[in-house]
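Below is one structure; the comments refer to it alone.
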Amino acid sequence: VHLFNTMSFFSFGQSAEIDVVLNDAETRKKVEHKTEDGKKDKYFLFYDGETVSGKVNVTLKNPGKRLEHQGIKIEFVGQIELYYDRGNHHEFVSLVKDLARPGEITQSQTFDFEFTHVEKPYESYTGQNVKLRYFLRATVIRRLNDIIKEMDIVVHTLSTYPELNSSIKMEVGIEDCLHIEFEYNKSKYHLKDVIVGKIYFLLVRIKIKHMEIDIIKRETTGTGPSVYHENDTIAKYEIMDGAPVRGESIPIRLFLAGYDLTPTMRDINKKFSVRYYLNLVLIDEEERRYFKQQEITLWRKGDVVRKSMSHQAAIASQRFEGSAASESALEQAAKEESG
């Protein structure tokens, strides 16, 4: 007990404060991101390959009193934490820069740091059973207790427009009772997209009283015997109330922008997946439910600001393929940018 008390006594009077400030804090975009308790906070937004640079300020609480340390460092960390395996963090990015060798600080000091073109392969994610986060951690290493400051950032992964994006066509039938056909315009949608579809009733012999489309998010964590699935209904879209007749066709327009969606994540670092499904649900007058599920892929489209990437891509393809093919690619990129 005594030992514990002296320890907490030492940590109580920390002799310095650390602060981490990004160099482009004034201009860098911030985005809302869900924290573990479900609240939303704003964080600086980064993309894969962007440099992370800034300053670490070490401020002495009692000026004139020196602070001995075993070194000062800053780390850039990307890690996955599974909630059922607390305290066991899987780091997929771990970079460290030493800012000062062991010694002492006699006055408040500022240290510059830069992590150049950092690889940030996955999107930040806070789920039901898993969290993927990126953060900067500055540490003044001391004999008894380190002084530590962490600062979270958010990473978004951008995708290019999918080359193949076939529509989804399906038939659902219960023999001699019901036969419907439904079609969605695409199988891959960006997060601000619109799902456009149609439902045809070819045969209706049961009394349908309600029909809806749900977007279901399925988070899968763990491997082998200890796999956890969390299904979450993100959206419910009522297609009709009342009975359809044979030969009727019902249009669907579902706007995704209003919902809390992430890109589809498949087998991230062999730890978790997040997948999305469209679920067509029919309920008859005897409260029986019929449904048909279909996976869709969600992806994040770059902002307008990042359009020049298509220009860069065109230039790269010019180098690669020789000039003939790429003229049209450059024209295309220029068109996109002016459009």
Side-chain angles (χ1 to χ4, degrees), residues 11 14-36 39-63 65-81 89-126 131-142 145-158 269 300 302-306 308-309 312:
S11 62
Q14 285 206 332
S15 43
E17 265 179 15
I18 313 184
D19 198 19
V20 179
V21 182
L22 295 178
N23 283 341
D24 52 5
E26 295 296 307
T27 53
R28 183 165 287 279
K29 187 179 169 184
K30 282 187 150 186
V31 288
E32 280 198 339
H33 188 72
K34 202 166 65 180
T35 53
E36 224 176 290
K39 287 209 275 287
K40 284 201 166 174
D41 277 338
K42 286 203 152 185
Y43 299 94
F44 287 110
L45 171 64
F46 282 86
Y47 297 100
D48 183 21
E50 281 192 310
T51 292
V52 182
S53 66
K55 294 174 172 43
V56 174
N57 301 320
V58 180
T59 311
L60 294 186
K61 282 196 181 160
N62 314 323
K65 199 173 172 207
R66 26 186 216 121
L67 170 72
E68 280 187 45
H69 63 84
Q70 261 70 53
I72 299 172
K73 64 176 180 178
I74 185 157
E75 295 160 278
F76 181 87
V77 180
Q79 72 181 21
I80 295 170
E81 182 184 339
H89 300 151
H90 306 276
E91 295 189 354
F92 54 87
V93 175
S94 178
L95 305 170
V96 61
K97 296 258 190 248
D98 289 317
L99 302 175
R101 287 211 204 87
E104 55 181 46
I105 296 180
T106 52
Q107 60 194 43
S108 299
Q109 235 172 313
T110 294
F111 302 91
D112 289 307
F113 70 86
E114 180 171 76
F115 294 102
T116 319
H117 303 312
V118 190
E119 196 187 345
K120 310 176 202 69
Y122 312 120
E123 172 130 356
S124 299
Y125 176 70
T126 308
K131 178 165 71 184
L132 187 151
R133 66 184 275 246
Y134 293 87
F135 59 94
L136 288 161
R137 178 168 54 210
T139 309
V140 175
I141 305 162
R142 309 211 49 208
N145 53 322
D146 296 346
I147 307 171
I148 298 172
K149 178 70 184 250
E150 287 186 357
M151 173 185 170
D152 279 67
I153 63 161
V154 163
V155 169
H156 280 173
T157 53
L158 300 178
N269 207 237
R300 185 184 293 286
D303 285 348
V304 188
V305 187
R306 303 182 64 80
S308 63
M309 288 175 86
Q312 289 163 20

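- The two residues L60 and I105 have their closest heavy-atom pair at CD1-O, 4.0 Å.
- A donor and an acceptor atom, one from each side chain of S53 and N23, are located under 3.5 Å apart.
- The shortest non-hydrogen separation linking F46 to E50 is CA-OE1, 3.4 Å.
- Relative ring orientation between F115 and F76 is described as tilted, the plane-to-plane angle lying within the 30° to 60° band.
- Distance alone, capped at 3.5 Å, is enough to place a donor-acceptor pair between the T126 side chain and the K34 backbone.
- When the shell of 6.0 Å around CD of E91 is examined, it contains more than 12 heavy atoms from other residues, nucleotides or ligands.
- With rounding to the nearest 0.5 Å, the separation of NZ in K61 from CD1 in I147 is 8.0 Å.
- By the 4.5 Å heavy-atom criterion applied to side chains, V20 and F135 are not counted as neighbours.
- V93 places a side-chain heavy atom less than 4.5 Å from the side chain of P121.
- Here the NE2 atom belonging to H90 is positioned 9.0 Å from the CD atom belonging to E81, to the nearest 0.5 angstrom.
- Listed by chain and residue number, E150, D152 satisfy the salt bridge (Lys or Arg N to Asp or Glu O under 4.0 Å) test with R133 (two or more places apart in sequence, or in another chain).
- Residue pairs that meet the salt bridge (charged side-chain N to carboxylate O under 4.0 Å, His left out) test with at least one member in residues 99-117, sequence neighbours left out, are K55-D112, R66-E104.
- Between atom CD of residue Q109 and atom CD1 of residue I72 there is a gap of 6.5 Å, rounded to the nearest 0.5 Å.
- Heavy-atom minimum distance, Y122 versus L132: CB-CD1, 3.7 Å.
- Not a single donor-acceptor pair under 3.5 Å links the side chain of S94 to the backbone N or O of V77.
- The CD atom of E75 sits 8.5 Å away from atom CD1 of I148, with the distance rounded to the nearest 0.5 Å.
- A pairwise comparison of heavy atoms in L22 and F44 identifies CD1-CD1, 3.6 Å as the closest pair.
- Looking only at distances, a side-chain donor or acceptor of S124 sits under 3.5 Å from a matching main-chain atom of V155.
- Taking the six-membered ring where tryptophan is involved, the planes of F92 and Y134 are perpendicular, since the angle between them exceeds 60° and thus also 30°.
- The 12-atom threshold is exceeded at CD of Q70, counting heavy atoms of other residues, nucleotides or ligands nearer than 6.0 Å.
- Between G302 and L158, the shortest heavy-atom distance links the atoms CA-CD2, 3.6 Å.
- Atom-to-atom distance recorded for F113:CZ and K97:NZ is 10.5 Å, nearest 0.5 angstrom.
- Here the side chain of K120 pairs a donor or acceptor atom with the backbone of V118 at under 3.5 angstrom.
- Nearest heavy-atom pair, L67 versus S15, reported as atom, atom and distance to 0.1 Å: CD1-OG, 3.2 Å.
- Side-chain atoms of E123 come within 3.5 Å of backbone N or O of T157 as a donor-acceptor pair.
- At least one side-chain heavy atom of E119 sits less than 4.5 Å from a side-chain heavy atom of D48.
- To the nearest 0.5 Å, atoms CG (D98) and NZ (K73) are separated by 8.0 Å.
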